[in-house]
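Here is the structure we will look at, set down as structure tokens.
For this chain, numbers begin at 1 and follow the sequence in order. Atoms within each ligand, like the ligands themselves, are counted from 1 in listed order. Below, all heavy atoms of this structure are taken into account, side chains as well, without hydrogens, waters or symmetry copies.
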Amino acid sequence: MFLPLGLFIVTAEAVMPCVPSPLVTIGETLALLTSPSTGPLRHARFLTVGIAGAESNVAIGFHRLGLPALWIGRVGEDEFGKKVVNTIRGEGVSVDAKIDSGAVTGIMIKEQRTADVMRVFYYRQGSAGSRLSVADIDEQALRQASVLHITGITPALSESARACVFSALEVARDVGVPISLDYNYRRQLWSPDEATPVLRDLTKWATLVFTGTDEGRLVAGNTDVEAFAVQLSSLGPQHVVVKRGAEGSIGISGGETIYQAPFPVNALDTVGAGDAFVAGYLSQFVRGRKPAECLRVGSMAGAFSASVVGDWEGLPEADELALLEYGAGEVIR
Ligand code: KDG
């Protein structure tokens with residue numbers, strides 16, 4: 001049985017701590033092929049094989065910080081599908097994945113085009129993950145969630161995936177489960193004109209909204225960061241967080257604006273750092289911590305992720321957060 005965090009069952013014999021409620025998230029996780037060399041992909045001699053998915057990245061990050069998480073998705077009946085399921089499950093996250101024999105597991109490829117610029121290519125049209133549908137939702141799990149986390153990627157994948165997201169939102173809202181939304185605008189998946197009304201609509205459902213600078217401007221139609229954050233708050237969310245990478249983050253909660261300085265790191269791969277931030281923030285939010293603490297831990301988790309190559313591999317465990325206090329080149333023995 002899942003109960004909200006911190007609840008205990010009192011029996012005649014003992015006070016038994018209960019399993020805390022999980023974060024529930026729904027989305028597509030892809031096989032990730034990465035070229036370890038710098039330069040055009042056509043010259044790459046090797047590709048490493050991993051997995052990537054904004055929602056499963058958050059689930060893994062949340063679990064590493066000591067809390068249960070459930071990822072709901074769809075994979076093909078293929079080796080990449082097995083890798084996705086095994087990897088997420090291997091990280092301790094519960095997996096509810098439909099095995100879709102009618103489509104393949106999608107693929108994402110990362111190319112380090114220059115020392116500074118990375119490019120991402122998708123092979124995911126018609127993929128199993130994009131065929132998510134309303135029937136894939138485990139309503140009972142959703143009703144017992146500590147938080148539902150969704151991203152703007154899923155509604156961009158297909159009509160059925162979009163319907164799945166809105167149906168999950170309805171279930172969560174009916175029972176008062178907080179809804180976390182990260183815009184994660186992907187311009188390879190949909191145009192600004194298509195995305196803006198959907199992301200605005202999603203914002204109205206959300207308790208917490210996470211956005212980067214460009215996508216926040218896209219949805220709010222305002223260029224000033226603080227002004228658009230206020231504008232997004234006025235659509236309904238109690239917490240709006242703007243993730244600005246190396247410039248730190250800004251949170252607006254209950255009309256109060258909070259600034260969090262970045263934790264400086266040697267950034268090797270920023271893909272997935274935003275998901276790490278969300279995982280860190282939510283790990284504190286569900287524990288009832290103040291917005292400033294949520295921002296701080298979010299920022300720390302983002303810094304960890306950016307300093308490691310891979311979309312989620314560098315996510316921190318709770319007792320590793322203090323490592324950010326060490327300087328470059330330090331060795332802990
Ligand atoms: O936020 C990182 C994600 O973008 C990445 O892990 C893969 O979900 C992904 C996507 O659609 O780009």
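- In T151, neither the side chain nor the backbone holds a heavy atom less than 4.0 Å from any atom of ligand 1.
- With a heavy-atom cut-off of 4.0 Å, R186 touches ligand 1 through its side chain alone.
- Of the N and O atoms on the side chains of D78 and T105, at least one donor lies less than 3.5 Å from an acceptor on the other residue.
- When each atom of ligand 1 is checked for a heavy atom of R124 under 4.0 Å away, the hits are 10 (C), 11 (O).
- Side-chain contact check for S146 and S21: no donor-acceptor pair (N or O, by modelled atom type) lies under 3.5 Å.
- Residue L30 has no nitrogen or oxygen atom sitting less than 3.5 Å from a nitrogen or oxygen atom of ligand 1, judged on distance alone.
- Ligand 1 places these atoms under 4.0 Å from at least one heavy atom of G272: 2 (C).
- Counted by atom type alone, E55 and T154 present one or more donor-acceptor pairs between their side chains at under 3.5 Å.
- Of all atoms in ligand 1, numbered sequentially from 1 with element shown, those under 4.0 Å from a heavy atom of D275 are 1 (O), 2 (C), 3 (C).
- No side-chain donor from either of Y259 and S249 sits under 3.5 Å from a side-chain acceptor of the other.
- When atom types are taken as modelled, the side chain of Q231 and the backbone of A220 share a donor-acceptor pair closer than 3.5 angstrom.
- For ligand 1, none of its N or O atoms has an N or O atom of E28 under 3.5 Å away.
- Between K243 and D182 there is a salt bridge, with a side-chain nitrogen of the basic residue lying less than 4.0 Å from a carboxylate oxygen of the acidic one.
- Within ligand 1, the atoms closer than 4.0 Å to a non-hydrogen atom of D311 are 5 (C), 6 (O), numbered from 1 in the order shown.
- For the pair K83 and E79, the salt-bridge criterion is not met [side-chain N within less than 4.0 Å of a carboxylate O].
- Less than 4.0 angstrom separates some heavy atom of I153 from each of these atoms of ligand 1: 8 (O), 10 (C), 11 (O).
- When heavy-atom distances to ligand 1 are checked against a 4.0 Å cut-off, Y122 comes that close only through its side chain, counted from C-beta outward.
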